[in-house]
Amino acid sequence: MTALARWCLRRRLAVILLWCAVLLGVGTSALVGGSSYSNQYDVPGTESGRANTLISQNFPDRQGDSDTIVWHTGKGTDAATDDVRDTQVEKTMDRTLDRIAALPGVGKVQSPYGGSGSGSATDSGAGSGTDSGSGSDSGSGSRSAPGSGDREQQERVSRDGRTAYATVTFDAPVDKLDKKDVQRVVDTAQRAGQDVPGMDVELGGPGIALTEKQEGHMSEVVGIAVAAVVLLVAFGSLAAMSLPLVTALVSVGTATLGIGLLSHVMTVADFAPMLGTLIGLGVGIDYALFIVTRHRRGLKEGLPVGEAAERAVASAGRAVVFAGVTVCIALLGMLVLRLSFLNGVAVAASLTVVLAVLSSVTLVPALLGVIGKRALSRRERRRLAEHGPELPDGLHVGGEESCAGETSVGAGPVGAASGDAARPRVADGAAGGHDGDCDDAGDGAGEAAGSDAAHKPRSRARACATARWSAFVARHPRLLGGIAALVMVVLAVPVTGLQLGTSDQGSNPRTTTTRQAYDLLADGFGPGTNGPLTLVGEIDDAKAKLDFEKLPDKLRDVEGVAHVSGSELDGNGGTGVITVVPDSAPQAERTSQLVEDLRKDVLPEATGSSSLDVQVGGVTAAHDDFASVILGKLPLFVGVVVSLGCALLLVAFRSIGIPLKAALMNVMAVAAACGVVVALFQWGWGSGLMGLGGSGPIEPFLPVIMVSVLFGLSMDYQVFLVSRMYEEWRLTGDNRRSVRVGLAETGRVINSAAVIMIAVFGAFVLSGDRIIAMFGIGLAAAVALDAFVLRTLLVPALMHMLGSANWWLPRWMERWLPRISIEPEPIPEPVPEPVPEPVVAGVGGAVPAPRDEPHNGLSSDSQKRPLR
């Protein structure tokens, strides 16, 4: 790491230009090649997946996206517009639908009035919440029962005559639609509402939703602005504040553009770029923060700019690389699920983290060389010039006395020799105050005699606050540990009611046209109209065909069914489709129960006398199948990720207890964070106030991604906290002292990094995307709980209670485990030439033997370690 830092410093202009060239090259390629993201989250091999495949193969015209135009009358004072069959309303909508049918990108329009530009209407469900291929429109080459067109047209008008809908089928699936074509349809339809008094026109469906996605980057701007404020307060220097932001933006920008190119070679979900940005900004700013903080400390100690930057990268950079590797391992754990779109998410997010690490260990030192001494504020530079460099960590002479008057953490025992406090120690450089360093945690009463008042520690109050908290936890571990555990358990309670599924447009904010169309359809035709089920039968003989034609009559008597369409066959008669409209909303548990009843009881009983094979598809069936697959593979995924993390911690800290506690803490953090998400999004507690729409189920892949991201990020905190404790344990063998020192000296690092991540993650609530808002709130809650409850309260409390058992490792495992170190690289210190003792005349002219150097009560290991 030292050699890499030195190379980047000497060739800083080349490094900066190289990163700019990479960003420009990837951006140009992305601009030319575009992107090919996917919003199809179905799982091949499931029943709903087979149903969609049969429809795509035998009904080619259904491959296009199907959306809905809904109009509602009766809100005006003109009695002539109280019914959708009134002359003015019908003429206006007929003319509007004809215009829409002629727009580019539109395949056909099915109207409740018939007329030019409209195909025969044979679907009984609006399907505004359905995915491509799951509707039930008929097309060329298909045939239906005589007179079914007139019947279906009548069923597109509500019983009270005030609501009607038409189906617009585009000539491409939703992931290949041109947003401009969809916007023309929306504008044309909504102009009709302005022509007729008292008529509302709204649109719904997957394609229409494309026009509601926010193209701006308000969430990123807000997150970066909050991070900038935190960094400015921490550093007091605009140059130092801007450096982590610049490096994070460069790495995230390159990664986001690269993800667009990646989407051409593998399936990448449409939310992957936003998720990558969310993760990349959080880790990118934090990784650069650690290095810049260490560099500033070196400058305060009087080191030249180049040497301070080299030491910063050699120490903090090593921890950054280790942290980045753990995050990537956790993210790539999603590959064990073998789901194509999650594979793309894992690779895309890992690419963002890799680029964040590379920019931190290459671009950061180059920029540090450019800004020079401006990494310090003006006041700090003036103080350095007037009073000289600060003492390095651990060189303060005298007892480290806490504000309360008792011996502070990191100090020797009360009454120990003044040299005992001179032990080198590592403080991880928290950002707070100006650096928030706890280096000066206590050189209080025992400062060297004759020391100038100007050399007194300047962050003593801040350090004492951290030391007081550490001592407070040490005095009350059982009480505080119990409170922390109770908080986590209470927050995790909502997880017991977790409902996995994909929320539909009924969960959108009420101001959106898709939500208003959803509500109009539900009020006029029943909630199931927004997500009909599609039954697809494979017919291979006359008996099977007869059973399939009888099936609609049998289905009408099934509990939970509101309406059933007549059977429809393809041109060859080998595949048939029946549309079933439930009496409940697509995301309701009652609809999921209907799907299960159809599959397990109704259909096997109705088709048992023939070779007819019927598959249940549709939006609810697809979501239930997806959730079932995820839940089935979730234990394997969690086991792999937790095992890999425990193995890393086992090798790094050579302890059985540390990895087990880390695994328990991670599971608790994920459970509590998921509980917060369930309360907000599934139960709807406060989601409306935050503009997140109504309540709905939780996305099935949310727990998977949260486990990956949180496990990787929490490993950072675990490493920073426990590595300092482990270092103290190796020196003293005193568990109580080790835990107090570790918490006091790293608490500000963890808290400062967490504040930035919470700000960045929480800002993504403003994205306008429900899925990204779930990620943002879930990860912000997880990081807050992990940093402020687990790592600074529950973990040290447990370690106090367990005592030396924290560090137990069987001897055979000690010999078997490989040795790796996440400690900073040794920095050679100049060794002074030994000064010979003066010859003193004594009795008989004998020369006294040389005196041994005082050991200051330290182990030989601590004397050999360099100062950092």
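Quantities reported herein were computed from a predicted structural model and do not represent experimental measurements.
- For the pair Val265 and Leu262, the minimum side-chain heavy-atom distance is below 4.5 Å.
- Closest approach of Gly317 and Val361 over heavy atoms only: O-CG1, 4.2 Å.
- Ser708 places a side-chain N or O within donor-acceptor distance of the main-chain N or O of Ala330, the cut-off being under 3.5 Å.
- The closest donor-acceptor contact from the side chain of Tyr37 to the backbone of Gly260 lies under 3.5 Å.
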(message) Go through it in stages, so that I can follow the logic: the residues are Val676 and Trp685, the test is side-chain contact (heavy atoms from CB on, under 4.5 Å), and I'd like the CA-CA distance, side-chain angles, deciding distance and then a yes or no.
(response) CA-CA 10 Å; Val676 173; Trp685 291 2; over 6 Å; no
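- Note that CG of Leu363 is 6.0 Å distant from OG1 of Thr247, once rounded to the nearest 0.5 Å.
- The distance from atom CG of Leu351 to atom CD1 of Ile279, rounded to the nearest 0.5 Å, is 11.5 Å.
- Annotation for Leu790 and Met665: closest pair CD1-O, 3.4 Å, computed over non-hydrogen atoms.
- Side-chain contact, Trp19 with Thr254: no donor N or O sits under 3.5 Å from an acceptor N or O.
- When atom types are taken as modelled, the side chain of Gln505 and the backbone of Thr512 share no donor-acceptor pair closer than 3.5 angstrom.
- A distance of 11.5 Å separates CG of Leu17 from CG of Leu24, quoted to the nearest 0.5 Å.
- For the pair Trp469 (side chain) and Thr792 (backbone), a donor-acceptor distance under 3.5 Å is present.
- Separating the CD atom in Gln682 from the CG atom in Leu500 is a distance of 8.5 Å, to the nearest 0.5 Å.
- Although no hydrogens or angles enter the test, the distance criterion places no donor-acceptor pair under 3.5 Å between the side chain of His295 and the main chain of Leu368.
- Ser263 places a side-chain N or O within donor-acceptor distance of the main-chain N or O of Ser36, the cut-off being under 3.5 Å.
- Remark: Leu249 CG to Leu23 CG distance equals 10.0 Å, nearest 0.5 Å.
- Side-chain atoms of His623 never come within 3.5 Å of backbone atoms of Pro700 as a donor-acceptor pair (strictly under, hydrogens ignored).
- Although no hydrogens or angles enter the test, the distance criterion places a donor-acceptor pair under 3.5 Å between the side chain of Arg374 and the main chain of Ile371.
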(message) Walk me through whether Asp786 and Asn666 qualify under side-chain contact (heavy atoms from CB on, under 4.5 Å).
(response) CA-CA 8 Å; Asp786 193 279; Asn666 289 332; 4.2 Å; yes
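- Remark: Phe761 engages no residue in a ring pair (Phe, Tyr, Trp, His ring centres under 6.0 Å) (not counting sequence neighbours).
- Atom CG of Asn343 is separated from atom CG of Leu337 by 8.0 Å, given to the nearest 0.5 angstrom.
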